[in-house]
Peer 1: 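Starting off with a structure, shown below.
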Amino acid sequence: MIFDNKFIQQRIEKTELLKSMGINPYANDSKRNTTIEKYINVNSDLFGIEGKRDEHRHYVVSGRIKLFRVMGKASFIEIEDESGSLQIYVARDNLPEGFYNDVFKKNIETGDIVEVGGYPFVTGQGELSLHASSFKLLTKAISPLPEKFHGITDKEIRYRKRYLDLIMNADVRKTFKIRSNVISLTRRFFEEKGFLEVETPMMHPIAGGANAKPFVTHHNALKIDRYLRIAPELYLKRLIVGGFEAVFEINRNFRNEGMDATHNPEFTSIEFYWAYKTYRDLILITKEYFTYLFDHLNLPTLLPYGDMEINFANFQEIPLIESLTTIGGVPADIVYDKEKIIAFLNSKNLTVKPGLNLGQLQGELFDEFVEEKLIDPTFITEYPVEISPLARRSDTNPDITERFELFIAGREIANAFSELNDPVDQLGRFESQIEAKESGDDEAHEMDEDFIDALSYGMAPTAGQGIGIDRLVMLLTNEHSIRDVLLFPAMKPLHKDELHQDEEEE
RNA sequence: GUCUUGUUAGCUCAGCUGGUAGAGCACGUCACUUUUAAUGAUGUGGCCGAUGGUUCGAAUCCAUCACAGGACACCA
């Protein structure tokens, strides 16, 4: 049974006892008239006042009891609301007859949510507190809180019961406030630039816009399968065809792949598309975006991340092929030779999947020798066309695309390019992706004829970019697991029967 | 998917080469009207993640499974 724990039973008994005394353990008529943060701000003048108290002021605050210190006929408790925590002095003789002994001391405990009225004063130890003259239980907690000093450290409980994590760990609340700010500032930045926020489908007939395995779901009325989107890209470009010139979408993508410190099956990204611009303009707006974020979040441009220090005032730019030799230390004479690249990778004890083309092999070299060395923000440009099925070819070199990825702290943060708007070229790229799929690459891009059709009506020259919000928040909050920046990260079910639900239904 | 570490009271953790379970917090009782993780006294609290095995005897050793953390692989 869910409430068979003895501590919970004990608390349920207290709840019943309170009810029998005419006290509603889940009262609804809160009279709170200030937050704890405001209370502390307004009353900190008492430190400079004779007697360090003002019995003419009166405030009602509420919050969850975090600490409970009884000393005979008086007690100190610490309550916490979203804005902060406050010490309350509760003395027997300032409360109605019998309340202190029979209700407060016996039946109120840590975890309960209470409302306290009284006047501000500073204790002998110098802490601004509230001297209680009224005390009311708002919500009884029948489960006990975790240990008051160590709190809750077990990561599994922290992720599965995020509410407990939020109750016990103030910096977790801080991380998620920063996340919320980042999303809000991102939205504001693009709106101020004249972009239009749009919503495109989450359920796609064809999972396109990225190379990834999709989740499948079923539409009963139409008797067809739908894919949870892996990227919004192809729909946003259709809007550019339609005549919108600057659009963005901040939302979830879903990818049916492994989970680890930087991958969750659902993750948040912003994608934006900007007509009559190129990837050069995207480099500029990306720098501007980071400046905007850092200004509004009051972050220093020199930001610690684990053992690293990232200089956000030092944006670098280097073409991919050049980075292989200058940063990765790959010999310059091999980077255009498939056989030599394979031999080089093998000499480093790295196995290569058979059948990779030159662009893919260059990508392998980059992943292996360059990516993790890019600590300060670095735009890697001029990606091989084979690994960029949606990007526009360079006008001067048909083997490379007008594309960049932004790397920070050894991780990909953004992917951007001048969009391919030649429908015939796009068709050809899709066709070569189909070939790749047939030769075993199950994450190659799908054919999307409707998208080709859209392009055939003419899409203005456009630049588009995606930024991974989760990884960005990780950087800004110095968190090293994506689970620590997701309120409810994906977790395996605890019980086997939940795990094999689908098999039983079949 | 592979390797590795963990899973003991509500929480944080001990428990050595196998001998029948321990602390702190929390909770109960008592004392205490300015404490700061309050304090002092005292008490309650456990299917030692699950299932098998070895053994006279298993929290402890072995195997399998589940979940989690970390690393690697995959994810261009």
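Because the structure is predicted, anything quoted here is derived from the model rather than measured. Residue numbers start from 1 in every chain, and the chains themselves are labelled A, B, ... in the order their sequence lines are given, proteins ahead of strands.
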Peer 1: Does Q87(A) or A490(A) map to a spot on RNA chain B nearer the 5' end, using the closest nucleotide for each?
Peer 2: Q87(A)
Peer 1: Give each stem of RNA chain B as a range with a range, requiring at least 3 consecutive Watson-Crick or G-U wobble pairs whose two distances are under 3.5 Å.
Peer 2: B:1-7 with B:66-72, B:10-13 with B:22-25, B:27-31 with B:39-43, B:49-53 with B:61-65
Peer 1: Determine the interatomic distance between P on rC65(B) and the same-named atom on rA76(B); round to the nearest Å.
Peer 2: 30 Å
Peer 1: In whole Å, measure the gap between the C1' atoms of rU12(B) and rG52(B) for me.
Peer 2: 32 Å
Peer 1: Rounded to the Å, how far apart are I88(A) CD1 and rU36(B) P?
Peer 2: 17 Å
Peer 1: With rounding to whole Å, what would you report as the distance between rA21(B) and rA31(B) at their C1' atoms?
Peer 2: 31 Å
Peer 1: Is the shortest side-chain N/O distance from R11(A) to OP1 or OP2 of rA26(B) below 4.0 Å?
Peer 2: no
Peer 1: Nearest whole Å is fine: how far is rU35(B) P from K148(A) NZ?
Peer 2: 16 Å
Peer 1: How many Å lie between CD on Q9(A) and C1' on rU44(B), as a whole number?
Peer 2: 15 Å
Peer 1: Take atom OH of Y336(A) as the centre, draw a 6.0 Å sphere, and report whether it contains more than 12 heavy atoms from other residues, nucleotides or ligands.
Peer 2: no
Peer 1: To the nearest Å, give me how far apart NZ (K106(A)) and P (rA26(B)) are.
Peer 2: 17 Å
Peer 1: Does Q9(A), at its CD atom, have more than 12 non-hydrogen atoms belonging to other residues, nucleotides or ligands within less than 6.0 Å?
Peer 2: yes
Peer 1: Please report the distance separating the C1' of rU5(B) from the corresponding atom of rG22(B), rounded so that it comes out in whole Å.
Peer 2: 24 Å
Peer 1: Using a cut-off of 4.0 Å on non-hydrogen atoms, how would the nucleic acid contact of F121(A) be classed: base, sugar-phosphate, or nothing?
Peer 2: base
Peer 1: Compare the minimum distances between each of rC67(B), rU12(B), rC32(B) and the side chain of E156(A), then state the nucleotide with the smallest one.
Peer 2: rC67(B)
Peer 1: Suppose we call a contact any N or O donor and acceptor under 3.5 Å apart; does that hold for the side chain of Y89(A) and the base of rU35(B)?
Peer 2: no
Peer 1: Any non-hydrogen side-chain atom of F104(A) less than 4.5 Å from a side-chain atom of F135(A)?
Peer 2: yes
Peer 1: To the nearest angstrom, how far is K73(A) atom NZ from rA31(B) atom P?
Peer 2: 9 Å
Peer 1: So if I take every side-chain heavy atom of H263(A) and compare against rC75(B), rC67(B), rA76(B), which nucleotide ends up nearest?
Peer 2: rC75(B)
Peer 1: Would you classify G359(A) as touching base, sugar-phosphate or nothing, given that sugar-phosphate means primed atoms plus P, OP1 and OP2, and contacts are heavy atoms under 4.0 Å?
Peer 2: nothing
Peer 1: Would one find a side-chain N or O of K492(A) under 4.0 angstrom from OP1 or OP2 of rC67(B)?
Peer 2: yes
Peer 1: Indicate whether OP1 or OP2 belonging to rU12(B) is found under 4.0 Å from a side-chain N or O atom of T153(A).
Peer 2: yes
Peer 1: Over all strands shown, is M491(A) touching base, sugar-phosphate only, or nothing at heavy-atom distances under 4.0 angstrom?
Peer 2: sugar-phosphate
Peer 1: Side chain of P144(A) only, heavy atoms from C-beta on: which candidate in rC11(B), rG10(B), rA68(B) is closest?
Peer 2: rG10(B)
Peer 1: Take atom P in rU20(B) and the same atom in rG28(B), then report the distance between them in whole Å.
Peer 2: 32 Å
Peer 1: Stacking check: are the rings of F7(A) and rG10(B) less than 5.5 Å apart at their centres and under 30 degrees in tilt?
Peer 2: no
Peer 1: Between K14(A) and L67(A), which is nearer to the 5' end of RNA chain B once each is assigned its nearest nucleotide?
Peer 2: K14(A)
Peer 1: Considering only heavy atoms and no angle criterion, is a donor-acceptor pair shorter than 3.5 Å present between the side chain of T123(A) and the base of rU36(B)?
Peer 2: yes
Peer 1: Counting the benzene-type ring for Trp, do Y279(A) and F417(A) have ring centres under 6.0 Å apart?
Peer 2: no
Peer 1: Using the P atoms only, state how far rC25(B) lies from rA37(B), rounded to an integer number of Å.
Peer 2: 13 Å
Peer 1: Once you apply a heavy-atom cut-off of 4.0 Å, does E386(A) come out as touching a base, just sugar-phosphate, or nothing?
Peer 2: nothing
Peer 1: Looking at rA73(B), rA76(B), rU34(B), which one has an atom nearest to any side-chain atom of H131(A)?
Peer 2: rU34(B)
Peer 1: Within the 4.0 Å heavy-atom criterion, would you say R53(A) contacts the bases, only the backbone, or no part of the nucleic acid?
Peer 2: base
Peer 1: A74(A) has a side chain; which of rU33(B), rC32(B), rC11(B) sits nearest to it?
Peer 2: rU33(B)
Peer 1: Ring centres under 6.0 Å, that's the criterion: do F366(A) and F407(A) meet it?
Peer 2: yes
Peer 1: Just the rounded figure in Å: distance from P of rU34(B) to CG of L130(A).
Peer 2: 18 Å
Peer 1: Given rA76(B), rA38(B), rG70(B), which nucleotide is nearest the side-chain atoms of M71(A)?
Peer 2: rA38(B)
Peer 1: Taking the side chain of I152(A) as its heavy atoms from C-beta onward, which of rA68(B), rA76(B), rU12(B) lies nearest to it?
Peer 2: rU12(B)
Peer 1: For the residue pair Y305(A) and H480(A), does the interplanar ring angle fall in the parallel (under 30°), tilted (30 to 60°) or perpendicular (over 60°) class?
Peer 2: parallel
Peer 1: Could you tell me the separation between the CZ atom of R483(A) and the P atom of rC67(B), rounded to a whole number of Å?
Peer 2: 13 Å
Peer 1: Work out how far the P atom of rC13(B) is from that of rG70(B), and round it to whole angstrom.
Peer 2: 15 Å
Peer 1: For the P atoms, the ones on rG53(B) and on rU60(B), what distance do you get once it is rounded to whole angstrom?
Peer 2: 14 Å
Peer 1: Applying side chain to side chain donor-acceptor pair (under 3.5 Å), run through N43(A) and R57(A) and close with a yes or a no.
Peer 2: CA-CA 9 Å; N43(A) 294 303; R57(A) 300 183 194 175; 2.8 Å; yes
Peer 1: Of all the heavy-atom pairs spanning E233(A) and G209(A), show the shortest one and how long it is.
Peer 2: OE1-O, 3.6 Å
Peer 1: Hey, mind stepping through Y100(A) and S75(A) against side-chain contact (heavy atoms from CB on, under 4.5 Å) and telling me if it holds?
Peer 2: CA-CA 10 Å; Y100(A) 182 81; S75(A) 301; 2.6 Å; yes
Peer 1: Applying side-chain contact (heavy atoms from CB on, under 4.5 Å) between L166(A) and each of R173(A), K161(A), R158(A), E82(A), report the one that passes.
Peer 2: R173(A)
Peer 1: Does OP1 or OP2 of rA37(B) have a side-chain N or O of R69(A) closer than 4.0 Å?
Peer 2: no
Peer 1: At under 4.0 Å between heavy atoms, what does K52(A) touch on the DNA or RNA strands: base, sugar-phosphate, or nothing?
Peer 2: nothing
Peer 1: Using a heavy-atom cut-off of 4.0 Å across all strands, would you classify Y159(A) as base, sugar-phosphate, or nothing?
Peer 2: sugar-phosphate
Peer 1: If you only use heavy atoms from C-beta on, which nucleotide in rA68(B), rU36(B), rU33(B) is closest to the side chain of R160(A)?
Peer 2: rA68(B)
Peer 1: Look at the side-chain N and O atoms of Q125(A) and state whether any lies under 4.0 Å from the OP1 or OP2 oxygen of rU34(B).
Peer 2: no
Peer 1: Could you check whether G124(A) gets within reach of a base, just the sugar-phosphate, or nothing at all, counting any heavy atom under 4.0 Å?
Peer 2: base
Peer 1: In whole angstroms, how far is the C1' atom of rG10(B) from the CD1 atom of I157(A)?
Peer 2: 9 Å
Peer 1: Students often get this wrong, so: under 4.0 angstrom with heavy atoms, is D260(A) touching a base, only sugar-phosphate, or nothing?
Peer 2: base
Peer 1: Which donor-acceptor pairs under 3.5 Å do side chains of residues 118-132 of chain A form with protein atoms, sequence neighbours excluded?
Peer 2:
| residue | atom | partner | partner atom | Å |
| --- | --- | --- | --- | --- |
| Y119(A) | OH | R53(A) | NH1 | 2.9 |
| T123(A) | OG1 | Q125(A) | N | 3.4 |
| T123(A) | OG1 | G126(A) | N | 3.4 |
| T123(A) | OG1 | E127(A) | N | 3.1 |
| S129(A) | OG | Q87(A) | NE2 | 3.1 |
| S129(A) | OG | E127(A) | O | 2.9 |

